[in-house]
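Everything on this sheet refers to the single structure shown next.
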Amino acid sequence: MVNAIKGLYISCDIPMAQFIINMNASLPQSQKFIIHVLDNTHLFVRSDMGGSIKSAIASFREQNSYEKPT
């Protein structure tokens with residue numbers, strides 16, 4: 001019998017994958033969203049968490065963007 005799980009396949013660079021893994025590790029067990037870490041740059045996550053991951057990455061990028069002083 002085959003067990004299928006619906007999810008999202010994420011392909012990213014190593015630092016972003018580590019950010020997502022760290023974000024997952026900081027959550028309680030009931031809220032963890034990573035189903036499987038495929039390799040250093042590919043993750044399989046719960047499909048309902050796509051928006052949350054996307055917004056966390058956007059926030060992280062905004063905080064780490066250089067703005068030229070005026």
Side-chain angles (χ1 to χ4, degrees):
M1 180 173 204
V2 176
N3 291 329
I5 299 173
K6 186 176 183 180
L8 295 174
Y9 174 76
I10 298 177
S11 179
C12 55
D13 59 356
I14 293 173
M16 192 54 62
Q18 289 302 313
F19 172 76
I20 295 169
I21 291 169
N22 186 34
M23 188 172 82
N24 183 65
S26 68
L27 295 173
Q29 185 64 33
S30 63
Q31 296 178 352
K32 293 195 184 284
F33 55 84
I34 294 180
I35 297 170
H36 192 70
V37 177
L38 303 171
D39 62 20
N40 290 338
T41 59
H42 300 95
L43 306 168
F44 189 62
V45 300
R46 288 186 357 215
S47 60
D48 61 328
M49 293 299 290
S52 299
I53 295 169
K54 202 175 206 177
S55 65
I57 290 171
S59 173
F60 176 71
R61 285 187 174 170
E62 285 178 21
Q63 292 173 357
N64 291 310
S65 294
Y66 175 74
E67 292 183 21
K68 187 176 179 180
T70 57

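This one's a predicted model, so the numbers in the text were calculated from it and none came from an experiment.
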Same apolar cluster (I L V M F W Y, side chains within < 4.5 Å links), Met16/Ile10: yes
side-chain hydrogen bond (donor to acceptor under 3.5 Å, both in side chains): pairs with one or both residues in residues 10-21, sequence neighbours excluded: Ser11-His42
pair Val37-Ile21: side-chain heavy atoms closer than 4.5 Å: yes
Student check: side-chain heavy atoms of Ile53 and Phe33 closer than 4.5 Å: yes
Any donor-acceptor N/O pair, Ser65 side chain to Arg61 backbone, under 3.5 Å: yes
Non-hydrogen side-chain atoms of Phe19 and Ile57 separated by less than 4.5 Å: yes
Cluster check Leu43, Leu8: I/L/V/M/F/W/Y, side chain < 4.5 angstrom: yes
Lys6 (side chain) donor-acceptor with Arg46 (main chain) under 3.5 angstrom: no
Shared-cluster residues of Ile14, by chain and number - hydrophobic side chains joined below 4.5 Å: none
From Leu38 atom CG to Tyr9 atom OH, the distance as rounded to the nearest 0.5 Å: 6.5 Å
Ile34 reachable from Leu27 in the ILVMFWY side-chain graph, under 4.5 Å edges: yes
4.5 Å side-chain heavy-atom contact, Phe60 and Met23: no
Exam field: side chain Asn24 to backbone Ile20, donor-acceptor pair closer than 3.5 Å: no
Gap separating the CD atom of Gln31 from the CE atom of Met49, nearest 0.5 angstrom: 7.5 Å
Residue pair Cys12 / Ala17: nearest heavy atoms and the distance that separates them: SG-N, 3.5 Å
